[in-house]
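Let me begin by presenting the structure, written as structure tokens, before commenting on it.
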Amino acid sequence: MLDIKLIRENPEAIRAGAEKKNEKCDIDLILQLDEQRRVIIRKVEALKAERNRVSGEIAKNKKTGNPAENAVAEMREVGKKIAVLDGDLRDVDAQLQIKLSWVPNMPHESAPVGKDEESNELVREWGEKPSFDFTPQAHWDLGEKLGIIDFKAAREVSGSGFYVLRGAGARLQRALISYMLDMHTDDGYEEVIVPHIVSSETMFGTGQLPKMADDMYHIESDDLWLIPTAEVPVTNLYKKQIIDEAQLPIHLVAHTPCFRREAGAAGKDTRGMIRVHQFDKVELVKIVHPENSYAALEDLVAQAEKVLQGLQLPYRVVNLATGDLSFASAKTYDLELWSAGVDRYLEISSISIFEDFQARRMGLRYRTADKKTVFPHTLNGSGVALARLIPAILENYQNADGSVTVPEVLRPYMKGAERIA
RNA sequence: GGAGAGGUGGCUGAGUGGUCGAAAGCGGCGGAUUGCUAAUCCGUUGUAGGGUAAUGCCCUACCCAGGGUUCGAAUCCCUGCCUCUCCGCCA
């Protein structure tokens with residue numbers, strides 16, 4: 001959510017920002033509703049002030065036994081006017097809130113301007129792509145031959161877009177989760193376990209609702225939603241709170257499953273576990289002081305990179321173009337992992353700063369020393385997504401005989417196993 | 001799921017339909033004082049919206065949420081949500 005005052009004072013900037021993100025929003029209507037709202041407030045509050053004053057007099061007169069019938073009759077009329085205006089105000093305010101909830105966050109000036117991923121900016125590359133003296137296989141072939149990924153069983157159980165890990169495959173995922181959680185908690189992130197099903201209000205807080213409703217699983221009977229990312233429950237842990245400035249920065253890490261309908265992605269990446277309806281992810285969330293939030297973004301990127309560096313996997317860092325940014329994001333870096341079998345980069349982590357957009361939506365504030373309440377900045381980043389990481393490990397660490405070498409840092413978590421064969 | 005109780009400011013906890021944004025205590029903040037690791041005393045202490053040049057001032061709203069009754073609601077009525085206790089069910 002953007003501050004209505006900001007929109008009132010800089011309508012052109014907001015319009016331009018939305019345009020850069022390929023988002024539409026009706027700024028003119030918002031300004032009009034905002035003006036209407038304030039006109040009604042001025043009227044109705046003047047009437048309420050009068051009613052309060054006269055009601056006080058009525059009380060006094062009743063006590064001293066003076067007649068008050070005239071005043072009561074008058075106030076009955078004033079009360080009717082107030083009821084009408086209050087109704088108008090509710091309507092206008094509701095309309096305004098809906099329009100406001102559809103205004104995207106402004107892109108940061110350091111996000112490259114462009115309408116789609118073509119304009120993404122390569123920031124840096126790390127590691128070397130592996131070279132093979134044989135033709136590397138894709139993870140779906142490798143995994144099925146090794147008996148560690150079972151797509152057929154997943155289809156039977158749930159339909160397309162799911163996967164089953166077995167044996168060393170399941171073990172590999174658990175090892176990765178432990179490896180990542182250990183790393184992040186060692187670096188000062190607090191581990192949290194959170195609900196995977198959340199309310200509409202919570203989905204609104206981080207900006208998934210209203211825009212992404214069709215991309216998420218909705219449980220109609222209870223009006224609850226399956227989380228598409230741990231960002232949602234973790235950031236909302238502080239919803240509607242005024243926290244102490246001294247509590248900042250807050251660093252959290254959570255492992256959760258993520259559920260995505262992938263409604264608009266029919267036909268894309270249909271093979272393997274690259275685009276699925278459910279996958280696990282380790283997510284990092286930060287709540288920080290506005291003054292150093294962009295430094296916190298760089299730190300968060302480095303934290304996610306550390307996971308890949310530890311695993312010795314080649315990747316590149318990309319600064320997303322404005323048109324590729326999500327609704328709530330001001331700036332996003334993607335980490336893309338090279339995967340030898342599919343011969344392409346896989347987006348494995350997305351690290352974003354939302355400035356105060358999410359905090360304002362969820363009513364999260366902190367109190368300063370001089371007792372002001374301020375919206376902190378929120379950030380999050382995958383650290384990292386398992387359903388992309390496992391394919392990359394299998395493909396990049398594969399051997400000519402179809403076995404897979406276990407990355408060294410994972411061996412302690414795999415009972416010392418050096419290979420999956 | 002059934003029965004009962006209840007939801008008041010950072011916390012504890014009062015509150016007869018009118019002078020209650022709300023007693024009191026604790027905590028916090030500011031100050032005074034005492035040489036003894038703290039006590040005592042005084043003051044102050046919520047959030048948001050509107051107006052205004054104004055972090056000041058005025059006004060409005062908020063005692064779980066949403067409706068209603070009334071000139072006037074923390075206080076009465078209805079609905080919902082949540083919490084607690086007991087029973088049932090259950091990993």
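- Straight-line distance between the P atoms of rG15(B) and rC64(B): roughly 15 Å, to the nearest whole Å.
- Here Ile41(A) lies in heavy-atom contact (under 4.0 Å) with sugar-phosphate atoms only.
- Remark: rU33(B) base-pairs with no nucleotide; criterion is Watson-Crick or G-U wobble with both hydrogen-bond distances under 3.5 Å.
- Following rounding to the nearest Å, Gln241(A) (CD) and rA48(B) (P) show an atom-to-atom distance of 15 Å.
- Annotation: cation-pi geometry satisfied between Arg361(A) and Phe204(A) (NZ/CZ under 6.0 angstrom from ring centroid, within 45° of ring axis).
- Here Thr373(A) reaches the OP1 or OP2 of rA48(B): one of its side-chain N or O atoms lies under 4.0 Å away.
- Residues from residues 69-78 of chain A placing a heavy atom under 4.0 Å of any atom in RNA chain B, listed by number, are Val72(A), Met75(A), Arg76(A).
- Whole-Å rounding puts the Gln97(A) CD to rA48(B) P distance at 15 Å.
- Every residue meeting the salt bridge (charged side-chain N to carboxylate O under 4.0 Å, His left out) condition with Arg275(A), not counting sequence neighbours, appears here in chain and number order: Glu262(A), Asp269(A).
- At the heavy-atom level, Arg8(A) lies under 4.0 Å from the strands shown only through sugar-phosphate atoms.
- One can place CZ of Arg53(A) at 16 Å from C1' of rG18(B), the figure rounded to the nearest angstrom.
- Other residues, nucleotides and ligands place more than 12 heavy atoms under 6.0 Å from the CZ atom of Arg411(A).
- Distance Asp222(A) CG to rC82(B) P: 10 Å, rounded to the nearest Å.
- Residue Arg42(A) has a polar side-chain atom (N or O) positioned under 4.0 Å from OP1 or OP2 of rG51(B).
- Within the nucleic acid shown, Lys62(A) comes within 4.0 Å of at least one base atom, counting heavy atoms only.
- Atom name C1', nucleotides rU8(B) and rA74(B): the rounded distance is 7 Å, in whole Å.
- Between the CD1 atom of Ile242(A) and the C1' atom of rC11(B) there is a distance of 15 Å, given to the nearest Å.
- Comparing the same atom, P, in rU75(B) and in rC63(B) gives a spacing of 8 Å after rounding to whole Å.
- For Lys372(A), counting side-chain heavy atoms from C-beta on, the closest listed nucleotide (rU55(B), rG46(B), rG50(B)) is rU55(B).
- Taking a pair to require two hydrogen-bonding distances under 3.5 Å in either a Watson-Crick or a G-U wobble arrangement, rU75(B) remains unpaired.
- Picking from rG72(B), rG50(B), rA61(B) the nucleotide with the shortest atom distance to the side chain of Asn52(A) gives rA61(B).
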